[in-house]
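Presented below is the structure to which this report refers.
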Amino acid sequence: MSEQRKKVVLAYSGGLDTSVAIKWIPEKYHMDVITVTIDLGAVKDLDAIREKALKIGAKKAIVIDAKDTFVKYFIFPALQAGALYEGVYPLATALGRPLIAKLLADVALEENADAVAHGCTGKGNDQVRLDVSLQVLNPRLQIIAPVREWKMTRDEEIRYAEEHNIPVEAKIKSPYSTDENLWGRSIECGVLEDPWVEPPEEVYKWTKNAKDAPDESEYIEIEFARGIPIAINDEEMDGVALINTLNAWGGKHGVGRIDHLENRLVGIKSREIYESPAAMILHTAHKALEGMIMTKDALRFKDIISAQYADLIYNGLWFSAFHQDLVAYVLSNQRLMNGTIRMRLSKGTCTVVGRKSPLSLYNEKLATYQKEDTFDHSASLGFIKIYGLPVKIQAQKQMDILAGREALHLDSIMPPKVKSIHKSGGE
Ligand code: ARG
């Protein structure tokens, strides 16, 4: 009796690498391939991809619409956290990976599979994110990463495809490597590898060049409840529709282009271009709302949390207890973030021009310089006296050090005395 063949669930995008994998895995590992194509919002013909998988030789081809889950469990929590990697990258690709890992693990269980497979290379962050997540979700699953394992160059891969009747689309001739989902588009390789070269216009698909954007600026109002955007211009929308709307709107005005020389998890610096109109608009608006509702200390602390959170997502540690701890803080902190931000989209920029919230800490009577002013000016005197006490005493006791007279290697924080100019007559 022949033993039953093992099964592997392959994350299938329809591109060259994973198409070749459908043929390569059975040759190398003698397993049957089940493909899973996951819709995270990239515009694609999912039926055609399914057909293609079956035609190449997959035993089964599954398509999963995960857009709502992506928004609810990954995108919006990252927005609430203020997660921008190195302050600029909204993490579209990075956020998709733990969800893809989860769905692979789910399907593997359902299909009684022994292994999962993905098309990541051995040089990027994505292999780490997927493998680490899978090890948490189901350590029993064997992980196969064909592109990391086979030693084929691009040309050899194309030859392999042609020999095995795998359709090779003309668009793979493109020098760029791209990844996209609802939250943004990532583009790397080709001329972008030279960090001095300005990205050619052809790399952009979602955003207009600012110079071709409409001359008329447009205004949008985004309403948030607990830090989650719920309506645009008073029209309530579900998350997917809201993000799609902002991607289109922002893209039209050239908003959302990012040029980032980033620090990869695997130790190298890489140059990446991103298009993320919705993410850029929403992060900008969300931060402005927080600025109105949170105290100064809370804001300072949130910046630290945001940076940690972004690192955690980027570094593939979504499924970790540390993440749960950070989420607990963020959710507690976001329960007050209700309000509306008004923004102007114009020629590649999105600018906050108005904000309002029922929980605002801004008090016009305290801020105004008009006669309505209720701020107690005379109280400032006592405040300054106490507030300045530590440095006043320090100056009395340690002036020599402050002036740098006893500094060894450190430069003084105090500039040398500036000679005054005496204009005495008849020199
Ligand atoms: N550098 C980004 C990240 O690690 C995006 C990588 C996406 N891949 C691509 N082919 N451009 O999250």
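Every number for a ligand or one of its atoms is a count from 1 in the order of the listing.
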Looking just at side-chain N and O atoms, do Tyr204 and Asn209 make a donor-acceptor pair shorter than 3.5 Å?
no
Considering only heavy atoms, does Arg129 approach ligand 1 within less than 4.0 Å through its side chain, its backbone, both, or neither?
side chain
If you measure only the distance, is there a donor-acceptor pair under 3.5 Å linking the side chains of Tyr329 and Gln308?
no
Ignoring angles and geometry beyond distance, decide whether Thr93 reaches within less than 3.5 Å of ligand 1 through its nitrogen or oxygen atoms.
no
Run the ring-centre check on Phe74 versus Trp318 and record whether the distance is less than 6.0 Å.
yes
I need the nearest protein heavy-atom contact for atom 6 (C) of ligand 1: residue, atom name and distance, please.
Glu272 OE2, 3.6 Å
One pair to check against side chain to side chain donor-acceptor pair (under 3.5 Å): Thr207 and Glu275. What are the steps and the verdict?
CA-CA 7 Å; Thr207 55; Glu275 290 184 282; 2.6 Å; yes
Protein heavy-atom partner closest to atom 4 (O) of ligand 1 - residue, atom, separation in Å
Asn125 ND2, 2.7 Å
Is the closest heavy atom of Tyr89 to ligand 1 under 4.0 Å?
yes
Counting from 1, what ligand 1 atoms have a heavy atom of Ser186 closer than 4.0 Å?
5 (C), 7 (C), 11 (N)
Decide yes or no for Glu156 and Tyr160: does some side-chain heavy atom of the first lie under 4.5 Å from some side-chain heavy atom of the second?
no
N-O pairing of Arg159 and Asp155 below 4.0 Å:
no
for atom 1 (N) of ligand 1, nearest protein heavy atom and its distance come out as Glu262 OE2, 2.5 Å
How far is atom 10 (N) of ligand 1 from its nearest protein heavy atom, and which residue and atom name does that atom have?
Ser177 OG, 2.5 Å
Compute the minimum heavy-atom distance from Tyr274 to ligand 1 and say whether it is under 4.0 Å.
yes
Answer yes or no: is there a side-chain heavy-atom contact under 4.5 Å between Pro146 and Asp17?
no
